[in-house]
There are 2 protein chains.
Amino acid sequence: MSKLAAILRQQGYKLTPQRRAILGVVALSQEHLSPAAIYTEVHRKHPEVGRVTVYRTLEILVRLGLICEVHTGGKEHNFILRAREDHHHHLVCSGCGRVVDFASCHLERLERKLSRETGFTIDEHMLEIHGRCPQCTGGEK
Amino acid sequence: MSKLAAILRQQGYKLTPQRRAILGVVALSQEHLSPAAIYTEVHRKHPEVGRVTVYRTLEILVRLGLICEVHTGGKEHNFILRAREDHHHHLVCSGCGRVVDFASCHLERLERKLSRETGFTIDEHMLEIHGRCPQCTGGEK
DNA sequence: TTACAAATGAAAATCAGTTTCATTTATATT
DNA sequence: AATATAAATGAAACTGATTTTCATTTGTAA
Ligand SMILES: [Mn+2]
Ligand SMILES: [Mn+2]
Ligand SMILES: [Zn+2]
Ligand SMILES: [Zn+2]
């Protein structure tokens with residue numbers, strides 16, 4: 001039983017063949033994946049898995065913090081396995097979708113300032129930087 | 001003739017009543033607006049303006065760099081006049097959904113460092129901070 | 001005026017994602 | 001193993017924002 005499956009089980013979710021299949025695809029991919037891409041991949045080996053189940057499984061994985069969304073600018077949602085660090089940010093290439101992780105962001109001072117000025121209690125932040133990777137820079141879109 | 005209208009004209013776009021109306025709404029708003037919100041506002045005074053024209057005009061304004069998109073996390077696109085600030089970020093209350101805007105984020109050094117290390121050309125960043133507003137702090141999830 | 005490419009909008013299409021609901025199934029309990 | 005049952009599933013219908021199509025209108029230059 002995979003790591004993800006074990007966590008799902010432990011959280012009280014049933015371990016269905018459909019979920020196993022989806023978890024397998026998500027866990028093995030190094031790239032960020034759209035629900036459609038996951039569906040296509042899963043469907044190849046397990047034609048009994050429906051699109052709705054892909055969406056629902058992704059929803060659970062996000063809720064449990066096992067995957068996170070990558071905002072790529074397109075109209076589809078994109079998800080990627082969450083790394084273990086608590087700071088996990090993305091540098092996304094708007095040309096090819098390539099994603100570079102980074103962890104340092106030095107937002108502590110900004111957060112303290114905002115907290116002081118607004119009275120908010122700060123829990124977390126989401127930071128994404130968009131640009132073009134070396135291969136996509138130069139070649140026009 | 002407004003500033004925006006003049007630029008449009010100068011770029012070879014025809015100055016239609018519909019575009020004047022849309023430009024007026026966008027130029028006067030201090031907030032970021034969705035196409036639907038702009039349509040509603042414009043439609044009040046100029047019922048002859050259709051939704052499609054709102055979308056098409058916004059597309060032109062983005063292309064000319066006169067407005068920019070604000071990523072709010074919702075499903076609608078949101079746009080705001082470009083002139084005002086380069087940076088537009090959100091502090092979001094996870095309790096009640098209240099949103100506070102802020103502009104300073106001091107990510108220049110981080111962006112330079114990432115650019116140097118990865119070879120990426122940096123275009124923009126999206127920063128969202130989540131927490132609980134004064135009214136919601138103390139309450140449960 | 002005239003000419004005509006540009007612009008418009010009603011309607012239809014698209015497209016990702018969500019909801020509904022009748023049916024199936026994983027798992028805990030006998 | 002048999003049973004009970006809430007959870008999970010998927011086909012189909014729906015949603016809501018955006019896009020496309022295309023017949024008609026219009027701003028602008030000549
Ligand atoms: Mn790239
Ligand atoms: Mn805002
Ligand atoms: Zn961070
Ligand atoms: Zn709040």
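So you know, we letter chains A, B, ... as the sequences are listed, proteins then strands, and number each from 1. Worth knowing before you read on, the calculation uses all heavy atoms, side chains too, and leaves out hydrogens, waters and symmetry mates. Just so you know, these numbers come straight off a predicted model, no measurement behind them.
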Asker: Given C:dA7, C:dA16, C:dA26, which nucleotide is nearest the side-chain atoms of A:T16?
Answerer: C:dA26
Asker: Specify the separation, in whole Å, of atom CZ of A:R20 and atom C1' of C:dA26.
Answerer: 10 Å
Asker: Are B:H88 and B:H32 close enough, and set up right, to give a ring-ring contact (aromatic ring centres under 6.0 Å, His included), and what steps lead you there?
Answerer: CA-CA 10 Å; B:H88 186 105; B:H32 46 89; 5.3 Å; yes
Asker: So do the side chains of A:V54 and A:R51 get within less than 4.5 Å of each other, counting heavy atoms only?
Answerer: no
Asker: Distance under 4.0 Å to a non-hydrogen atom of chain B counts as contact; along DNA chain D, which nucleotides mark the start and end?
Answerer: D:dA17 to D:dA29
Asker: Where along residues 39-63 of chain A does a heavy atom fall under 4.0 Å from DNA chain D?
Answerer: A:E48, A:V49, A:G50, A:V52, A:T53, A:R56
Asker: Any heavy-atom pair between the side chains of A:C68 and A:V62 that's under 4.5 Å?
Answerer: no
Asker: For A:R109, does the CZ atom have more than 12 heavy-atom neighbours from other residues, nucleotides or ligands under 6.0 Å away?
Answerer: no
Asker: For B:A36 and A:Q18, take the nucleotide of DNA chain D holding the closest heavy atom to each; which residue's nucleotide lies nearer the 5' end?
Answerer: A:Q18
Asker: 5'-most contact on DNA chain D: B:H77 or B:Y13, nearest heavy atom basis?
Answerer: B:H77
Asker: Are any non-hydrogen side-chain atoms of B:Y13 and B:L64 less than 4.5 angstrom apart?
Answerer: yes
Asker: Determine whether B:H71 and B:H90 satisfy the following criterion, ring-ring contact (aromatic ring centres under 6.0 Å, His included), listing intermediate values before the conclusion.
Answerer: CA-CA 9 Å; B:H71 301 91; B:H90 288 144; 9.8 Å; no
Asker: Would you kindly give the NZ-to-C1' distance between B:K75 and C:dT18, to the nearest whole Å?
Answerer: 13 Å
Asker: Rounding to an integer number of Å, can you tell me how far A:L15 CG sits from C:dA26 P?
Answerer: 10 Å
Asker: Using a 4.5 Å cut-off on heavy atoms from C-beta on, say whether the side chain of B:I22 contacts that of B:R19.
Answerer: no
Asker: In whole Å, what is the span from the CD atom of A:Q11 to the C1' atom of C:dT27?
Answerer: 17 Å
Asker: Just so I know, are the side chains of B:M126 and A:L127 near enough to count as touching, which here means a heavy-atom distance under 4.5 Å?
Answerer: no
